[in-house]
Amino acid sequence: MNSKELIELIHNSKKKTNCLLFIKTNREIDLSSLLGCGDKNGYLIFGEKNDLDLILDKYKLDIKESKYIIFTKNAALDLLDLSSLDARIEYGAIIRDHVTIKKGAIIMMGAIINAGAYIGENTMIDMNVTIGGRACIKNNCHIGAGSVIAGVIEPYSSKEVVIEDDVFIGANATVLEGVHIGKGSVIGAGSVVINDVPDNVVVVGVPGRIIKKREKLIDSKVEIVNALRTIN
């Protein structure tokens, strides 16, 4: 999905204010068209606020108490449906709809992945990583905790980040928009990558600079552990 398509999708979407509504009432409420449970001692109902407002209006003479808990406000896109993924998604990850996550990927606690992003097979997105819109991270990569992979949704002409196979990015690194990182390269912790990176090199610093070719000593420090990628 390119930037123009994604922007049009967001623009044309029905914006949603999703809520949890608690109602204490004198009578039973018809929940046949709603997601909720309860009895006349109290109901919990989840849905879009406009729909729940209709319930409050319909039963207003019988309601003793009501309270909203608001989860989103005019949200353009839902969260991604995780049910069909052949991947491991840990608690607290926030993944927007229209993200692609391939087999064996791991998304750790606190990671945020924006619409249009692509996560390849057996790639680990570690704790508190931010993946921006349309960023492409291919297979067998490790994106270290706290890193930021810039996203590009606007303007239309901007290029997305592309991270090729077998890349290891250390904790708290930043990759700016439009950067292409070549296969097998290593980005040191805390580095800020502002230019394209060729295959099989080591980049460190702010701004990031190539210090050497990747070698066996480096391989032992950034080895991908397949045992972590089992999901059964």
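Positions are given from 1, in the same order as the sequence printed here.
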>> Run the side chain to side chain contact (heavy atoms under 4.5 Å, CB included) test on Leu85 and Leu80 for me, step by step, so that the C-alpha distance in whole Å, both residues' side-chain angles and the decisive distance to 0.1 Å come before the verdict.
In response: CA-CA 10 Å; Leu85 295 182; Leu80 183 68; 4.2 Å; yes
> Going through the checks in order, is the side chain to side chain contact (heavy atoms under 4.5 Å, CB included) test met by Ile23 and Tyr59?
Replying inline: CA-CA 10 Å; Ile23 297 175; Tyr59 294 96; over 6 Å; no
>> If you apply the rule side chain to side chain contact (heavy atoms under 4.5 Å, CB included), what do you find for Ile95 with Ile107, and how did you get there?
In response: CA-CA 9 Å; Ile95 306 171; Ile107 314 298; 4.2 Å; yes
> Does the pair Leu9 and Leu77 meet the rule for a side chain to side chain contact (heavy atoms under 4.5 Å, CB included), with working shown?
Replying inline: CA-CA 9 Å; Leu9 176 69; Leu77 297 176; 4.1 Å; yes
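Annotation: the span from Asn18 atom CG to Lys49 atom NZ amounts to 12.0 Å, rounded to 0.5 Å. Leu35 contributes atom CG, which lies 9.5 Å from atom CG of Leu20 (distance to the nearest 0.5 angstrom). With rounding to the nearest 0.5 Å, the separation of CD1 in Ile181 from CD1 in Ile163 is 4.5 Å. To the nearest 0.5 Å, the span separating OG1 on Thr17 from CG on Asp53 amounts to 9.5 Å. Distance check: Ile125 CD1 to Thr130 OG1 gives 10.5 Å after rounding to the nearest 0.5 Å. Note: Ile63 CD1 to Asp57 CG = 9.0 Å, rounded to the nearest 0.5 Å.
Here the shortest heavy-atom pairing between Lys213 and Val201 reads CD-CG1, 4.0 Å. Ala135 and Ala150 make their closest contact through CB-O, 4.0 Å (heavy atoms, listed as atom of the first residue, atom of the second, distance). When every heavy atom of Ala105 is checked against every heavy atom of Ile119, the shortest pair comes out as CB-CG2, 4.1 Å. Looking at every heavy atom in both residues, Gly184 comes nearest to Arg214 through O-NH1, 2.7 Å. Minimum heavy-atom separation, Cys19 to Phe46: O-CD1, 3.1 Å.
Under the side-chain hydrogen bond (donor to acceptor under 3.5 Å, both in side chains) criterion, Glu28 pairs with no residue, sequence neighbours left out.
Using cut-offs of 30° and 60° for the angle between ring planes, the His142 and Phe168 rings count as parallel.
Just one of Asp166, Val162, Thr123 meets the side-chain contact (heavy atoms from CB on, under 4.5 Å) condition when paired with Lys138; it is Val162.
No donor-acceptor pair closer than 3.5 Å links the side chain of Arg27 to the backbone N or O of Asp62. The backbone N or O of Thr174 sits nowhere less than 3.5 Å from a side-chain atom of Ser147 that would complete a donor-acceptor pair. A distance-only check finds no donor-acceptor pair linking the side chain of Asn140 to the backbone of Asp165 [under 3.5 Å]. A donor-acceptor pair under 3.5 Å is formed between the side chain of Thr72 and the backbone N or O of Lys16. Put simply, the side chain of Ser191 never gets that close to the backbone of Ala173: no donor and acceptor are under 3.5 Å apart. Checked by atom type and distance alone, the side chain of Ser66 never pairs as donor or acceptor with a backbone atom of Leu21 at under 3.5 Å. Between the side chain of Ser185 and the backbone N or O of Asn200, at least one donor-acceptor pair lies under 3.5 Å. In this structure, the side chain of Lys15 engages the main chain of Ser13 through a donor-acceptor pair within 3.5 Å. Counting only distance, with no hydrogens or angles, the side chain of Arg134 and the backbone of Val152 share a donor-acceptor pair below 3.5 Å.
Linking Ile, Leu, Val, Met, Phe, Trp and Tyr residues whenever their side-chain heavy atoms come within less than 4.5 Å leaves Ile94 and Met127 in two separate clusters. Using a 4.5 Å cut-off between side-chain heavy atoms of Ile, Leu, Val, Met, Phe, Trp and Tyr, with links allowed through other members, Val193 and Val148 fall into different hydrophobic clusters. Note: the hydrophobic cluster containing Leu52 also contains Leu31 (ILVMFWY, side chain heavy atoms under 4.5 Å, direct or indirect links). When the side chains of ILVMFWY residues are joined at heavy-atom separations under 4.5 Å, either directly or via intervening members, Phe71 and Leu56 end up in two distinct hydrophobic clusters. No chain of hydrophobic side-chain contacts below 4.5 Å, direct or via other Ile, Leu, Val, Met, Phe, Trp or Tyr residues, connects Tyr118 to Ile149.
Identified under the side chain to side chain donor-acceptor pair (under 3.5 Å) test for residues 89-109, with sequence neighbours left out: Arg88-Glu90, Arg96-Asn114. Identified under the salt bridge (Lys or Arg N to Asp or Glu O under 4.0 Å) test for residues 189-199, with sequence neighbours left out: none.
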